[in-house]
Amino acid sequence: MVLRKSYPVIAWVVQRQRYKLGMTAVTLAARLGMTRTAVANLENQEQGISLARAPEIAKALGLNQVEFSKLAFREKEPELYQASFGHDA
């Protein structure tokens, strides 16, 4: 399932975590079996990705599924995230 509404938040999480790790787009692409261009297009919201690949993306970025989802949730709904998990969660 590919959901267009998810592109911006997934793109943000992918780019944020990749930068945090100092990981190149080439490295992430290799881990995901994609091209560097496909990763760049994903991060620039020019290409979507199946939500079924979220666990694989999370693992490639050194996150588990819950951490990946929490980053997305915190970005998309910060007030609800804070109410649910607290400020420093």
Side-chain angles (χ1 to χ4, degrees):
M1 169 187 291
V2 176
L3 298 175
R4 294 215 179 267
K5 290 181 182 178
S6 66
Y7 290 178
V9 72
I10 289 174
W12 180 87
V13 171
V14 169
Q15 189 174 61
R16 176 187 180 274
Q17 187 66 11
R18 184 174 69 77
Y19 286 172
K20 181 179 177 183
L21 296 171
M23 183 187 297
T24 67
V26 171
T27 299
L28 180 58
R31 290 182 181 187
L32 294 173
M34 301 169 70
T35 65
R36 181 207 53 82
T37 301
V39 169
N41 288 343
L42 172 64
E43 290 181 349
N44 292 322
Q45 301 174 41
E46 296 171 3
Q47 176 176 324
I49 194 161
S50 171
L51 293 179
R53 293 192 72 187
E56 178 186 3
I57 295 167
K59 184 177 178 181
L61 293 167
L63 300 169
N64 64 44
Q65 294 175 44
V66 172
E67 293 166 331
F68 184 86
S69 297
K70 283 177 78 173
L71 283 174
F73 183 42
R74 184 171 55 200
E75 173 63 16
K76 187 74 173 169
E77 297 289 342
E79 292 175 1
L80 184 55
Y81 177 89
Q82 186 172 349
S84 299
F85 299 106
H87 189 282
D88 296 326

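For the atom pair CD1 (Ile57) and CE (Met34), the distance works out to 7.0 Å, reported to the nearest 0.5 Å. The CG atom of Leu51 sits 4.5 Å away from the CD1 atom of Ile10 when rounded to the nearest 0.5 Å. The CZ atom of Arg16 lies 11.0 Å from the CG atom of Leu61; values are rounded to the nearest 0.5 Å.
Applying the salt bridge (Lys or Arg N to Asp or Glu O under 4.0 Å) rule to pairs touching residues 77-86 yields nothing, sequence neighbours excluded. Residue pairs meeting the salt bridge (Lys or Arg N to Asp or Glu O under 4.0 Å) criterion with at least one member in residues 24-47, sequence neighbours excluded, are Arg18-Glu43. Within the structure, every pair that satisfies the ring pair (Phe, Tyr, Trp, His ring centres under 6.0 Å) test and touches residues 48-73, not counting sequence neighbours, is listed here: Phe73-Tyr81. Sorted by first then second residue, the ring pair (Phe, Tyr, Trp, His ring centres under 6.0 Å) pairs that include residues 17-66, not counting sequence neighbours, number zero.
Linking Ile, Leu, Val, Met, Phe, Trp and Tyr whenever their side-chain heavy atoms come within less than 4.5 Å leaves Leu21 and Val26 in two separate clusters.
Partners of Arg53 under the side-chain hydrogen bond (donor to acceptor under 3.5 Å, both in side chains) rule, at least two apart in sequence or in another chain, are Glu56. Scored by the side-chain hydrogen bond (donor to acceptor under 3.5 Å, both in side chains) test, Thr24 finds Thr27 as partners (sequence neighbours excluded). Partners of Ser69 under the side-chain hydrogen bond (donor to acceptor under 3.5 Å, both in side chains) rule, at least two apart in sequence or in another chain, do not exist in this structure. Residues forming a side-chain contact (heavy atoms from CB on, under 4.5 Å) with Glu67 (at least two apart in sequence, or on another chain): Leu63, Asn64.
For the residue pair Ala60 and Met23, the shortest heavy atom distance occurs at O-CE, 3.4 Å. Contact record, Ala11 with Leu42: CB-O, 3.3 Å, taken as the closest heavy-atom pair.
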